[in-house]
Amino acid sequence: PGVFDFLPGERLDYDVRYLGVPIGRVWLEVARFVERDGVRLAHLRAGARTNDFWSALYRIDDVSEAWVDLDRGVTVRTRTHTHHGRRHEVFEQVDFDWETHFVHVREEKRHRDRLRLEGFDFGPFVHDTFDLFYALRSLSLEPGDSARFPVYANRKVYVFGVDTLRREPVEDPVLGPD
């Protein structure tokens with residue numbers, strides 16, 4: 001696949017708990033590979049939903065998508081559609097222009113009938129929260145290693161840091177121990 005080493009069909013599902021009580025599920029997947037204007041892209045999808053009980057109290061129903069250039073390992077577009085509570089609905093599309101190093105943001109707060117268009121220079125390189133997850137999975141971090149990444153989120157660029165303290169075994173119910 002190029003720089004992006006994850007294949008279509010990979011899906012990670014997580015149960016979300018708060019104080020040990022199940023409240024919902026989160027998932028992340030490599031949906032497919034596509035080609036647009038001669039550029040090979042990985043189409044990524046993710047979602048978060050509260051279960052029926054918690055949705056009656058405060059519903060969360062979010063879906064996000066990203067398109068990552070398979071050869072350069074950079075995100076070219078993201079789309080996020082969020083529903084929080086009974087009426088809070090936001091749609092956001094972010095386009096990354098790697099020639100000018102500008103990010104273009106379109107945010108619709110549909111519950112307020114408000115549209116915001118913004119653009120700004122993100123510097124020589126930036127991850128978005130989507131491809132950051134895959135970039136971290138690509139690293140072979142050993143105890144004592146650190147990594148820092150510039151990350152675009154919520155119309156700002158932040159520094160995201162990882163410090164590796166120790167290795168812990170992971171056991172998968174299907175694949176067995178790590």
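What's counted below: heavy atoms across the whole structure, side chains too, no hydrogens, waters or symmetry copies.
- Between R148 and D163, at least one side-chain N (NZ, or NE/NH1/NH2) sits under 4.0 Å from a carboxylate O, which counts as a salt bridge.
- Here the NE2-CZ distance, from H43 to F33, works out to 12.5 Å after rounding to the nearest 0.5 Å.
- The salt bridge (Lys or Arg N to Asp or Glu O under 4.0 Å) check on E65 picks up R45, with sequence neighbours excluded.
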- Trace of the side chain to side chain donor-acceptor pair (under 3.5 Å) decision for T100 with D97: CA-CA 6 Å; T100 64; D97 184 334; 3.3 Å; yes

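- With salt bridges taken as basic N to acidic carboxylate O contacts below 4.0 Å, none links K109 and E92.
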- Message: For T75 and D131: C-alpha separation, side-chain torsions, deciding distance, then whether side chain to side chain donor-acceptor pair (under 3.5 Å) applies.
- Response: CA-CA 7 Å; T75 300; D131 77 350; 3.1 Å; yes

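- Using a 4.0 Å cut-off between charged side-chain N and carboxylate O, D71 and R40 make a salt bridge.
- Under 3.5 Å, the side chains of R106 and Q93 contain no donor-acceptor pair of N or O atoms.
- Remark: the backbone N or O of V34 is not paired with any side-chain donor or acceptor of W67 at under 3.5 angstrom.
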Acceptor/donor pairs from residues 114-122 side chains to any protein atom, 3.5 angstrom cut, sequence neighbours excluded:
unit_1: E118; atom_1: OE2; unit_2: R155; atom_2: NE; d: 3.0
unit_1: D121; atom_1: OD1; unit_2: G123; atom_2: N; d: 2.7

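- Here the OG1-NE2 distance, from T50 to H83, works out to 12.0 Å after rounding to the nearest 0.5 Å.
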Please output the side-chain donor-acceptor pairs of residues 12-19 that fall under 3.5 Å, not counting sequence neighbours, one pair per line with the distance.
unit_1: D13; atom_1: OD1; unit_2: R11; atom_2: NE; d: 3.3
unit_1: D13; atom_1: OD1; unit_2: R11; atom_2: NH2; d: 3.3
unit_1: D13; atom_1: OD2; unit_2: R11; atom_2: NE; d: 3.1
unit_1: D15; atom_1: OD1; unit_2: R25; atom_2: NH1; d: 2.2
unit_1: R17; atom_1: NH1; unit_2: G20; atom_2: O; d: 3.2

